[in-house]
Amino acid sequence: MNTKYIFVTGGVVSSLGKGIISASIGKLLQARGYKVTIQKFDPYINIDPGTLNPYEHGECYVTVDGMETDLDLGHYERFTGIHTTRNNSITTGRIYKTVIDRERKGDYLGKTIQVVPHITDEIKRRMLREGLDDDLDFIITEVGGTIGDIESAPFMEAIRQLRWQLGRDAVCVHLTYVPYLKAAGELKTKPTQHSVKELQGMGIQPDILVLRTERHLSDAIRLKVASFCNVDLECVVQSEDMPSIYEVPVNMQKQGLDAAIMRKIGIPVGETPAMQSWRDFLEKQRNAKREVHIGLVGKYDLQDAYKSIRESLNLAGIYSDVKAKIHFVNSEEITTDNVASKLEGMAGIVICPGFGSRGVEGKIFATEYSRTHDIPTFGICLGMQMMVIEFARNVLGYKGANSAEIDEKTPYNVIDIMEEQKSVTQMGGTMRLGAYDCELVKGSHTYKAYGEKSLISERHRHRYEFNNAYKEEYESNGMKCVGFNPATELVEIVEIPEKRWYIGTQFHPEYSSTVLRPHPLFMSFIKACIDGRTEA
């Protein structure tokens, strides 16, 4: 069949969960046997979120081909198991840069460059994934922001044009909010009506409405929304708050969201897929009663800043029949005097990734405490580098050892910049990004965690590396280098074998963990935390 297109937009307020709904639609269509991909169009002018502070935009997710993207791509991959690429994440900045570059080269033959048609044509080209040999049944396109934002207008115009061009091969799913006014004791549909009216004013009639609500909506309310918004009753679906985001696909399936999409497109609905493996996972989640407490040592006190790490810990916990209770520990507040109290009661510690000098000394104090008290510890990217620095200072006796990123004049640059990076002056997209191969040392804890695989591939996002000049000293004093890039010999993984679980990875394993395939390192880490935890 022809490729079908699903556009997901949002109204009333932001942060309603368009990414979760898009991922859920993708999962439901996959369960019916269709090949899907999901892409995110963000209205901001940054080329990508790579230079954005996590407080601005949450986690920066990295694709296998090295694109720094929006965190919603993490949801897409965790739900569907697909590998997204740079073609799945587009910003206004990338659109305008492409058009301006083409204009500078003379590709437009002297034409006056305008939002319509030049910007909108480029948006449409990206939405249709022209020139990509994907052979996809469905392309789901989520547009960031909220209807009415001035930044979103070109995207809405592009969708209007595509709806006209594609006919029944395209549907629009609009997500809105139905607030509950406690004083009046009523749910209010007027914001949804206004949001749909604004969308209609742009020439787009939504085919399906998903109503975000904190309270159950009666059929009378759904009928009212359907009547005022020119939408079939069966196409008005409610998305209530659920105990877990992973309940959403099943809840959407129960209400017939995927069936409604197929009817609108003109595809026979057929039988509802059982999604047994997904339901088995949800059953394990509901049955997990015991708790294991994990300290997340980082500098961003924001859930979305470490979203993939949190979800990877949660997934590994569920598959280990426990609830991973994650406690954020602000590394800026950790000192030698309070580190014991800050980490008290933690069965395991994760030293988080990051950039810059803020909070790094607190991370070093945390790694020293966890190493000397044999607490299972997982260092990721900068977290791994903090393990290396702490070991140099307190075991090798290199006082003042540091990363060249933190202290350019350190006498012991145990972490240093790659030679090819020394001439780089721009920040965006200039790091070691994307998936790289890694050879594992046989017999190591990491090798066993990966199921005794000798070669793995993981995603990176960093500039600075373990300085191989110190490798022999580390190994002779107990910290082993157990993972190497086969092409460059760069150290990717360190561990201390004599500890119960003390592993640092230069790469980001959290990007590869999915609902149906939790990452083996997180599984191994959680197991070590469970084995060593004391009952309350």
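No hydrogens, no waters, no symmetry mates; every other heavy atom, side chains included, goes into these values. Count residues from 1 along the sequence. Given the structure is predicted, the values throughout are model-derived calculations rather than measurements.
Contacts classified as salt bridge (charged side-chain N to carboxylate O under 4.0 Å, His left out) and involving residues 378-388 (residues at least two apart or in different chains) are not found. Note on residues 373-397: pairs passing ring pair (Phe, Tyr, Trp, His ring centres under 6.0 Å), not counting sequence neighbours, are Tyr369-His373, Phe378-Trp501, Phe378-Phe522, Phe378-Phe525, Phe391-Tyr474. Sorted by first and then second residue, the ring pair (Phe, Tyr, Trp, His ring centres under 6.0 Å) pairs with a member in residues 12-31 form an empty list; sequence neighbours excluded.
Because its NZ or CZ atom is both nearer than 6.0 Å to the ring centre of Tyr436 and within 45° of the ring axis, Arg432 counts as a cation-pi partner of that residue. Cation-pi contact between Arg215 and Tyr180: present, with separation from the ring centre below 6.0 Å and deviation from the ring axis of at most 45°.
Using a cutoff of 4.0 Å between basic side-chain nitrogens and carboxylate oxygens, Arg463 and Glu405 are not scored as salt-bridged. For Arg32 and Asp258, the salt-bridge test passes: some basic side-chain N is under 4.0 Å from an acidic carboxylate O.
Remark: aromatic rings of His519 and Tyr450 are close, center separation under 6.0 Å. Ring to ring, Phe328 and Tyr300 are not that close: their centroids are 6.0 angstrom or more apart. Between His508 and His460, the gap from one ring centroid to the other reaches at least 6.0 Å.
Not counting sequence neighbours, Arg517 has no partner by the salt bridge (Lys or Arg N to Asp or Glu O under 4.0 Å) test. Partners of Thr141 by side-chain hydrogen bond (donor to acceptor under 3.5 Å, both in side chains), not counting sequence neighbours, listed by chain and number: Gln39. In terms of the side-chain hydrogen bond (donor to acceptor under 3.5 Å, both in side chains) criterion, residue partners of Glu361 (sequence neighbours excluded) are, by chain and number, Arg393.
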